Amino acid sequence: MVRELKGRWWNGVWGRLARRDVWLTREVRWHVIARAGDSETGKVVRWKVDTEDEARQMVKRLVQADGGQWREQTGGAATQPPT
């Protein structure tokens, strides 16, 4: 199945310790993927939920819990989540 990217957020901080990324994707179910750290050494956590509302609420909780200058990434800046 093809995973469709529905949204991506970044906390606006560069650096392998402070960087945070969140992706919202959909196959059959909705997926929220969060990474703390950079693409090489960061820790990735995944959740599967049944509805878009549940998924967006999880994204909102993740973004609000970290603070910082979160921004939604669109277009070419919206890279695919880690595999």
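Remember, predicted model here, so these are calculated numbers, not experimental data. Values below: all heavy atoms of this structure, side chains included; hydrogens, waters and symmetry mates excluded. Positions are given from 1 along the sequence.
- Here the side chains of Arg20 and Val22 are not in contact, with every heavy-atom distance at 4.5 Å or above.
- Inter-residue side-chain proximity for Ile33 and Val44 is flagged as met; some heavy-atom pair is nearer than 4.5 Å.
- Grouping the Ile, Leu, Val, Met, Phe, Trp and Tyr side chains by contacts below 4.5 angstrom, directly or via other members, places Val59 apart from Leu5.
- The residue from Arg3, Arg46, Arg8 that alone fulfils the side chain to side chain contact (heavy atoms under 4.5 Å, CB included) condition with Trp23 is Arg8.
- A heavy-atom distance below 4.5 Å is not found between the side chains of Asp53 and Met58.
- Residue Arg71 qualifies as enclosed at atom CZ: its count of foreign heavy atoms under 6.0 Å is above 12.
- Using modelled atom types, no side-chain atom of Asn11 and backbone atom of Trp70 make a donor-acceptor pair closer than 3.5 Å.
- Remark: Arg35 engages Asp21 in a salt bridge, criterion side-chain N to carboxylate O under 4.0 Å.
- Clustering ILVMFWY residues whenever any of their side-chain heavy atoms sit less than 4.5 angstrom apart, transitively, puts Leu62 in the very cluster that holds Leu24.
- In terms of hydrophobic clustering, with Ile, Leu, Val, Met, Phe, Trp and Tyr side chains grouped at heavy-atom distances under 4.5 Å, Val13 and Trp9 are assigned to different clusters.
- In this structure, OG1 in Thr51 is found 10.0 Å from CZ in Arg29, a value given to the nearest 0.5 Å.
- Using a distance-only test at 3.5 Å, with no hydrogens or angles considered, no donor-acceptor pair links the side chain of Gln64 to the main chain of Arg61.
- Using a 4.0 Å cut-off between a side-chain N of Lys or Arg and a carboxylate O of Asp or Glu, Glu4 and Lys6 qualify as a salt bridge.
- When all heavy atoms of Pro81 and Thr25 are compared, the closest pair comes out as CG-CG2, 3.8 Å.
- Counting Ile, Leu, Val, Met, Phe, Trp and Tyr side chains that sit under 4.5 Å apart, directly or through other members, Trp14 shares a hydrophobic cluster with Trp10.
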